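The first residue in the sequence is number 1, and the count goes up from there. Worth saying up front: this structure is predicted, and the values here are computed from it rather than measured.
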Amino acid sequence: MADLVPAPHLFGLEFGIFKLRGAGSVLADARVVRLGRTMSFGRVTLSSATDNKPVAMVSSAFAML
């Protein structure tokens, strides 16, 4: 029998928009900030592809149930 792997459940999510810009390409930088046994935390920063200035950021927390 295979071992059961805990499934992540979204615990919290914060989203911030720094400055709205015209339509264009964006770059996403996603990182795991902390990976624990029962909780994990991540951050995604969206930046403009033309000038590399941040336009939005998302922070998340996941409970490993």
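- Transitive grouping of hydrophobic side chains (ILVMFWY, heavy atoms separated by less than 4.5 Å) keeps M57 and L27 in distinct clusters.
- Of all non-hydrogen atoms in M39 and A63, the two that sit nearest each other are SD-CA, 3.7 Å.
- Residues V55 and V44 are members of one and the same hydrophobic cluster, defined by side-chain heavy-atom contacts under 4.5 angstrom among Ile, Leu, Val, Met, Phe, Trp and Tyr.
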